[in-house]
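In each ligand, atom 1 is the first atom listed, and ligand 1 is the first ligand listed.
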Amino acid sequence: MRRQRLPRHGYRTTARRDGEDPAQCEEWEEQGARIRSGAQPSVLHVLEERGFVKDISGPRDSLDWLLTRKRVGAYVGVDPTAPSLHVGHLLPLMALYWMYLHGYYTITLLGGGTVQIGDPSGRTTARSRQGEDVQTMNIRCMERQLDKLWIHVKCLGIKHKFPQFRLKKDVLNNREWLGRLSAVELMRDLGSGMRLGSMLARDSVKMRMETGEGMAISEFSYPLFQAYDWWHMYSKLGVQLQLGGSDQYGNLCAGMDAVSHMRKIKRMETGMDDAENGALTATFGLATPLLTTASGEKFGKSAGNAVWLDKEMMNSFDLYQYFLRTADDDVARYLKLFTFLPLDQIETVMTHHAQNESKRVAQHLLAKEIVELAHGAADATKAEAAHKEAFSHGTNVFSLSALRNTLADILNQEAGARQVGKKEEREQRLFNYKQTYAASPTAQSIAGTSTELTKTEASKVVTLPLTLMQAGSFPRVLHAAGLVHSTSEGRRLIAKKGAYVVLPNSGSIDSPHGLKWEQIPDSADPNHYLIDWEALVLRSGKSKIQVCRIVTEEQFEAKGLTCPGWEELKAQKVEAAPQA
Ligand SMILES: N[C@@H](Cc1ccc(O)cc1)C(=O)O
């Protein structure tokens, strides 16, 4: 029988990968020499300096040594549990993008296979099973998103003047190999090398056992599948580094053990000795930290909902706004993590920012760079302009043209959605979104804002029924608009003078003048604040703005729309009807 040989890349010490241009490789070698001589920081040093490194599985210096000598492959995996990535995914991805811009071969791996098993890491309950159509749609959406992100990273790399090696990256889907993997092969080869003790010792497993929730064998075996991915990409593509969020640390360690076990097995099978070059063929895991804001909140949630990167689910204006709200204490840290700006430039910006914090110079830069990464340069410029205009007269004035742009944008998107094909996709996406998130009450209240529009547009302009608008009903309107979680929270917000509405007589939507904000008075009538008989502009606190389009109840119902609190109000009306 012919013996299979391990691929050559496992032993390569130079920068050269198959089919690579020697000049490009020379450039990489020169970079290595500069790093070794101390003239340039190593990529690991860069990652550490910017705050990406929480844990390294394996000796830190060995990884640093390896990365300066060998153009290894690195990957980050994402399971497509939703149609879009959220900002929480960005941290390990940004670390990977840094590696890409330093010339390493980088892969974003879509877990089309692993998503069917469900990673229990960091979860207190099992995920519910998704239908085949939902999964397919989620995979399609995320794949496109990962592709797009690579394009934007490349553009940002050019903008920030990174050396242009022949950069190499891929988006892969583990369905490709896991779909072909037999259960016998997995257990025989990989399963035989993974020990129960270390798997049982994992926090996610212990917690489930302690709470009595328990865990299915499938979830328990998840690390085997992730480990198999690594082995596959290690042996075929030279992937020696895996990056992941802090909850992935256990999976990273399990993967390293599995790869070394598989190497042993293959050595036995082939009689080859790949123990030579040990340090050059080793694997490493790098876990990024769990982000919390300076005030201790979980990063990446807005009113309890995830901040999505897909612009159909969260538009550029809102994504920009989310980062614009970053606290002064967090902004320097976020600039290091979420932008490719050099550290000295960040320092200069922070000095400038400190001179007048209310201008939010640092936050604007952060928001723009992130929108540029997620949605591209054109959208970032538009979002920046809209925000700068909206706040150009201080937070008390919301410019009419920004409002007009917002309304025009939404109408365009609606028109776009009516085009053949796109509409189905949007409906499917919303359907998927509901399937995945309908179980959570907060997500439901936002997604339920509109069944016609996607969640993004719903958060940009919400359509509300005129019936909601009665003297004293502002708390209910604030709730329906998604600015607060309940009518009583709305009442409290008004009482503590944190709720505002735009005064209608300060101009019409087409007027070039700014609109004036007024603190919502107790028991005021929202009808008195209608702009051009169709819009109500609300604000909670300093910067959470919601534009509402008001339609008659018939129009609202005919479009099949709903909003938080609407069902209850309808039920009350039905109850009250016989007495009327
Ligand atoms: N388990 C990872 C995703 C992942 C999937 C497959 C991998 O090979 C790696 C990572 C997560 O849930 O975040």
Considering only distance and modelled atom types, tabulate donor-acceptor pairs under 3.5 Å from the side chains of residues 331-342, sequence neighbours left out.
| unit_1 | atom_1 | unit_2 | atom_2 | d |
| --- | --- | --- | --- | --- |
| Arg333 | NH2 | Thr292 | O | 2.9 |
| Arg333 | NH2 | Asp330 | OD1 | 2.9 |
| Thr339 | OG1 | Leu335 | O | 2.6 |
| Thr339 | OG1 | Leu341 | N | 3.3 |

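- Legend: salt bridge (Lys or Arg N to Asp or Glu O under 4.0 Å) pairs involving residues 51-68, not counting sequence neighbours, sorted by first then second residue: Glu48-Arg60, Arg60-Asp64.
- Side chains of Trp177 and Asp229: a donor-acceptor N/O pair is present below 3.5 angstrom, by distance only.
- A salt bridge (Lys or Arg N to Asp or Glu O under 4.0 Å) check over residues 87-112, counting only residues at least two apart or in different chains, returns nothing.
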List ligand 1's nitrogen or oxygen atoms that come under 3.5 Å of a protein nitrogen or oxygen, with the partner atom and distance.
| unit_1 | atom_1 | unit_2 | atom_2 | d |
| --- | --- | --- | --- | --- |
| ligand 1 | 1 (N) | Asp119 | OD2 | 2.7 |
| ligand 1 | 1 (N) | Tyr222 | OH | 2.8 |
| ligand 1 | 1 (N) | Gln226 | OE1 | 2.9 |
| ligand 1 | 1 (N) | Gln248 | OE1 | 3.3 |
| ligand 1 | 8 (O) | Tyr75 | OH | 2.7 |
| ligand 1 | 8 (O) | Asp229 | OD2 | 2.5 |
| ligand 1 | 12 (O) | Asp119 | OD2 | 3.2 |
| ligand 1 | 13 (O) | Gln248 | NE2 | 3.4 |

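- In this structure the side chain of Asp257 never reaches within 4.5 angstrom of the side chain of Met194, judged on heavy atoms.
- Residues Lys70 and Gln240 have side chains that bring a donor and an acceptor to within less than 3.5 angstrom of each other.
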